[in-house]
Amino acid sequence: MKFKSITGTKDLLPGESYRWHYVEEKFHKLARRYNFREIRTPVFEHTELFARGIGELTDIVGKEMYTFEDRSGNSLTLKPEMTAAVVRAYLQHNLGQQQPVSKLYYLAPMFRQERPQKGRLRQFHQFGLEIIGTPGALADAEIIVMTADYYAELGITNVKLKINSVGCEKCRPGYKEKLKEFLRPKLSDLSEDSRRRFETNPLRIIDSKDERDRELTEKAPLQKDHLCNECNEHFTHLQDILREADVEYAVDGKIVRGLDYYTKTAFEFISSALGSQDALSGGGRYDLLARELGGKNVPAVGVAGGIERLLLVLEESENAAVEEPHPAVYLAAADDTARIWLYGITQQLRRNNIPCETDLMLRSLKAQMREASRQNAAYTVIAGAEERNKNEVVLKDMKAGDQQNVPVDELVHILQKQLPESK
RNA sequence: GUGGGCGUAGCUCAGUCGGUAGAGCGCCAGGUUGUGGCCCUGGUGGUCGCGGGUUCAAAUCCCGUCGCUCACCCCA
């Protein structure tokens, strides 16, 4: 075979795609219940949108974007995340003029050029929610609550919610200085990465996975203990709401989100069922993003979650079995003279919303029966010349193994009675 | 970008000291001339990742290369 799928991309084969349908449908339905409306944006955007929105110093922008020039010389980028694109669309179409608060959701592929590993692909898929237009903690809670609800609805129980506040324009600079003061004497003992971040992004240092770094930063000052009044109030308010909504959470002062645009609330849903890529989803408030993109100040909050990771966790949750759909009826021809006639009956069933399958290979009855069994059909309809002359078919219950002759005119009615989901 | 592990049938894998490739599952057919599953019998299926080297002879040894995978960094 000459051609292979690109490194870090995956074909979604029929043996797996039904699982995707399952989680996607659940998300669409839940979004409707929470009154979020879907937004779809193009897979690529001007590179500048992400560079500005996500932050020049982030790893995503620095080394992970799929960037290319089109024939006109524009620099374009396959979207590495969705929030910047959603805010762009929000500003471009003045959604804020139509209603004060926009509740948007999406389900879309993202692209980042990293080394693939468990739970990380170059083309991956995220579900996401954004509430744009309100600074209130109720919006933060709404995002978190629906995400928690989604996992619960799927039967995933081994998830934990961690929340933090990363402050705002007012209180973050002061905190940053305090943190640097704390780190400065330890600087030479820190890992190389952390030393490099000291100037560019010191907040990330307390989030380091390096063991030595962890020891050294154990007693580091945390943003959540140095919030301004407004941020502090927002954070306690959020916790009050989460408790009221019965969502379990833990405050973790070391959660620092990787993207520049976050303010106040930052959170992650973590699962122990994943490998080292343990974040199932993450999000937070991003009150500065719209302005950064050239719009006015528009407060907003959102979440993004990985579908691939979700499915990995789902497979390990015993109480979350997903069943593959199968045809309700298989129609088998006992001889060649009945095949076309039987195909007409097949279509009658389909028009009556009965999922069914028939042989397309002119195979023997035995082979057709085997196929019916393999495909897990609940019933098999068998007919040859004899049945055709009497205008009836043999209806066989595959599980029980018994069968009876029924008039063709009554077939749909009988099957519908047996298959309530087809009505 | 760095490091470990692995590439043999559609899938999971075995293959000894170098002697020209196997099992289980799957698929197809028959055992039953109009009936699935279980069982039995037979069959289909391989560029041993790719290229080069050593050798009378390479899946096996050597060199290179590509791919997959896990981990680091970071993230969903």
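Numbered from 1 within each chain, the chains take letters A, B, ... in sequence-line order.
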Determine whether the aromatic ring centres of F127(A) and Y105(A) lie less than 6.0 Å apart.
no

Could you give the CD-to-C1' distance, from E56(A) to C74(B), as a whole number of Å?
17 Å

Of all the choices, C75(B), C74(B), G36(B), which nucleotide is nearest to the side chain of E114(A) once you look at every atom?
C74(B)

Please walk me through it: do R243(A) and Y249(A) pass side chain to side chain donor-acceptor pair (under 3.5 Å)?
CA-CA 8 Å; R243(A) 275 195 300 272; Y249(A) 68 91; 2.8 Å; yes

Remember a base hit wins even if backbone is also touched, and classify Q113(A) as base, sugar-phosphate or nothing at under 4.0 Å, heavy atoms.
nothing

Using a distance-only test with no angle check, is there a side-chain donor-acceptor pair under 3.5 angstrom linking E371(A) and Y330(A)?
no

For U55(B), the Watson-Crick or wobble counterpart (both distances under 3.5 Å)
none

Closest to the side chain of R120(A), out of A76(B), U35(B), A29(B), is A76(B)

Looking at every strand, decide which applies to I60(A) at a 4.0 Å heavy-atom threshold: base, sugar-phosphate, or nothing.
nothing

So, under a plain 3.5 Å distance rule, would you say the side chain of K396(A) forms a donor-acceptor pair with the base of U35(B)?
yes

Worked check of side chain to side chain donor-acceptor pair (under 3.5 Å) between S281(A) and Y151(A):
CA-CA 10 Å; S281(A) 56; Y151(A) 294 136; 2.9 Å; yes

Using Watson-Crick or G-U wobble geometry with both distances under 3.5 Å, which nucleotide pairs with U65(B)?
G49(B)

Of all the choices, C70(B), C74(B), C27(B), which nucleotide is nearest to the side chain of K118(A) once you look at every atom?
C70(B)

Given G34(B), G36(B), A29(B), which nucleotide is nearest the side-chain atoms of E386(A)?
G34(B)

Sugar-phosphate, base or nothing in reach of Q368(A), heavy atoms under 4.0 Å:
nothing

Can you tell me the base-pairing partner of C39(B)? Count Watson-Crick or G-U wobble geometry only, both distances below 3.5 Å, and say none if there is no partner.
G31(B)

Nearest-nucleotide pick for V394(A), side chain only, options being C70(B), G34(B), A76(B)
G34(B)

Using Watson-Crick or G-U wobble geometry with both distances under 3.5 Å, which nucleotide pairs with C75(B)?
none

Can you tell me how far P of C72(B) sits from CZ of R115(A), to the nearest Å?
13 Å

Between P of G37(B) and CD of Q375(A), the distance in whole Å:
15 Å

Once hydrogens and angles are ignored, does a donor-acceptor distance under 3.5 Å link the base of G34(B) to the side chain of Q403(A)?
no

